Amino acid sequence: NPDFLQDRPALLAALNLPTGGDGAISLVEGQLAILRERSTTTGQKIVELSESGKESDRMLEATRQTLGALVRAVDKGHAALIWSEQACSSFGAEMGALVWFGSSPHGEGAESLVRELTGEAGTFSGTVSPKTMDELFGRGTSSGSVAIACIGKGDEAVGALTVGAADSEQYRREDGTLFLDYIAAAIGQLPACQ
């Protein structure tokens, strides 16, 4: 109750409050120290939020550029090539692949791995084995990390967008796949990908 002493001036007059010296600290000094600490913490949070906002703006611009490129796709193979290029150039990913289920050049192994990783959610982000890196990107010398969003046609998953990195911490479980989800949803609607 911050107004407790204001409403009880007689109590305030009766209190013996230290004013500092010999290791003691006054209440005002103590309160000031706490407020300074809170101010520093708040400033750090503002910087973190600002950085997060800048990253979101960058990802939104990359999404816009990628969707602009994908609408020019002439077929599924062309869409896969465009995504692979855009994942690296616009998003700055180390690797990118678009896996079409049932007709993927990656083979049935990639489809079953994607379905196993994404499950009911249709998305995945996290560390994977060298075998998975090889199935998705043809680079299976070591484990790495991936983010995956399934491409839907109605209620059925018909493919998946993937990005990957050799760094197993690049894509973590707690990371979202929001921008991949947007692009995957758009690809599912493209006439060239039907």
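Keep in mind that what you see is a predicted model, and the values were worked out from it rather than measured.
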Participant: Taking all atoms of both residues into account, what is the closest heavy-atom pair of Phe137 and Ala97, and its distance?
Facilitator: CE2-N, 3.9 Å
Participant: Check the pair Val146, Met133 against side chain to side chain contact (heavy atoms under 4.5 Å, CB included), reporting the backbone distance first and the verdict last.
Facilitator: CA-CA 8 Å; Val146 298; Met133 293 297 285; 3.8 Å; yes
Participant: Of all the heavy-atom pairs spanning Cys150 and Thr118, show the shortest one and how long it is.
Facilitator: SG-OG1, 3.6 Å
Participant: With a 4.0 Å cut-off on N to O distance, would you call Lys131 and Glu135 a salt bridge?
Facilitator: no
Participant: Could you check whether any side-chain heavy atom of Lys153 comes within less than 4.5 Å of a side-chain heavy atom of Gln189, counting everything from C-beta outward?
Facilitator: no
Participant: Measure the spacing between OG of Ser142 and CG of Asp134 and express it to the nearest 0.5 Å.
Facilitator: 11.0 Å
Participant: Do Leu178 and Leu67 share a hydrophobic cluster (ILVMFWY, side-chain heavy atoms under 4.5 Å, transitive)?
Facilitator: yes
Participant: Does the side chain of Thr132 reach to within under 4.5 Å of the side chain of Leu117, using non-hydrogen atoms?
Facilitator: yes
Participant: Could you list the residues that satisfy side chain to side chain contact (heavy atoms under 4.5 Å, CB included) with Ser90, not counting sequence neighbours?
Facilitator: Ala62, Gln65, Thr66, Gln86
Participant: Is a donor on one side and an acceptor on the other found under 3.5 Å between the side chain of Ser50 and the backbone of Ile46?
Facilitator: no
Participant: Is any side-chain N of the basic residue among Arg58 and Glu55 closer than 4.0 Å to the acidic one's carboxylate O?
Facilitator: yes
Participant: List in chain and number order the residues that pass side chain to side chain contact (heavy atoms under 4.5 Å, CB included) with Asp167, two or more places apart in sequence or in another chain; answer none if no residue qualifies.
Facilitator: Glu169, Gln170
Participant: Tell me, do Thr177 and Ile148 make a side-chain contact under 4.5 Å, heavy atoms counted?
Facilitator: no
Participant: Examine Phe91 and Val71 and state if one hydrophobic cluster contains both, with Ile, Leu, Val, Met, Phe, Trp and Tyr joined whenever side-chain heavy atoms are less than 4.5 Å apart.
Facilitator: yes
Participant: Looking just at side-chain N and O atoms, do Thr42 and Ser39 make a donor-acceptor pair shorter than 3.5 Å?
Facilitator: no
Participant: For Val99 and Ala110, which heavy atoms make the closest approach, and how far apart are they?
Facilitator: CG1-CB, 4.1 Å
Participant: Does a side-chain N-to-carboxylate-O contact under 4.0 Å join Asp175 and Arg172?
Facilitator: yes
Participant: Could you check whether Arg64 pairs with Glu61 (Lys NZ or Arg NE/NH1/NH2 to Asp/Glu carboxylate O, under 4.0 Å)?
Facilitator: yes
Participant: Can you measure from NE2 (His78) to CG (Leu70) and round to the nearest 0.5 angstrom?
Facilitator: 9.0 Å
Participant: Measuring from atom SG of Cys193 to atom CG of Asp75, what distance do you get when rounded to the nearest 0.5 angstrom?
Facilitator: 8.0 Å
Participant: Give, for atom CE of Met59 and atom OG of Ser52, the distance between the pair rounded to the nearest 0.5 Å.
Facilitator: 11.0 Å
Participant: Is any side-chain heavy atom of Val114 less than 4.5 Å from a side-chain heavy atom of Phe124?
Facilitator: no
Participant: For a 4.5 angstrom cut-off between non-hydrogen side-chain atoms, does Thr123 reach Asp181?
Facilitator: yes
Participant: For residues Lys76 and Gln194, report the shortest heavy-atom separation together with the two atoms involved.
Facilitator: CE-O, 4.0 Å
Participant: Could I get the full list of side chain to side chain contact (heavy atoms under 4.5 Å, CB included) partners for Gln31, not counting sequence neighbours?
Facilitator: Leu35
Participant: Looking only at atom types and distance, does a side-chain atom of Thr127 sit under 3.5 Å from a main-chain N or O of Ser168, one as donor and one as acceptor?
Facilitator: yes
Participant: Which heavy-atom pair separates Ala73 from Ala192 by the least distance, and what is that distance?
Facilitator: O-CB, 3.1 Å
Participant: Is the shortest heavy-atom distance from the side chain of Ile183 to the side chain of Thr63 under 4.5 Å?
Facilitator: yes
Participant: For a 4.5 angstrom cut-off between non-hydrogen side-chain atoms, does Trp83 reach Val163?
Facilitator: yes
Participant: Check for me, please, whether Leu136 and Leu81 land in the same ILVMFWY cluster - side-chain distances under 4.5 Å, paths through other members count.
Facilitator: no
Participant: What pair of heavy atoms forms the shortest contact from Gly159 to Phe101, and how long is it?
Facilitator: N-CD1, 3.6 Å
Participant: Heavy-atom count check: over 12 atoms from other residues, nucleotides or ligands less than 6.0 Å from Glu174 CD?
Facilitator: yes
Participant: Just by distance, do the side chain of Arg115 and the backbone of Ala157 share a donor-acceptor pair under 3.5 Å?
Facilitator: yes
Participant: Side-chain contact test, heavy atoms from C-beta onward, threshold under 4.5 Å: evaluate it for Pro130 versus Ser143 and give yes or no.
Facilitator: yes
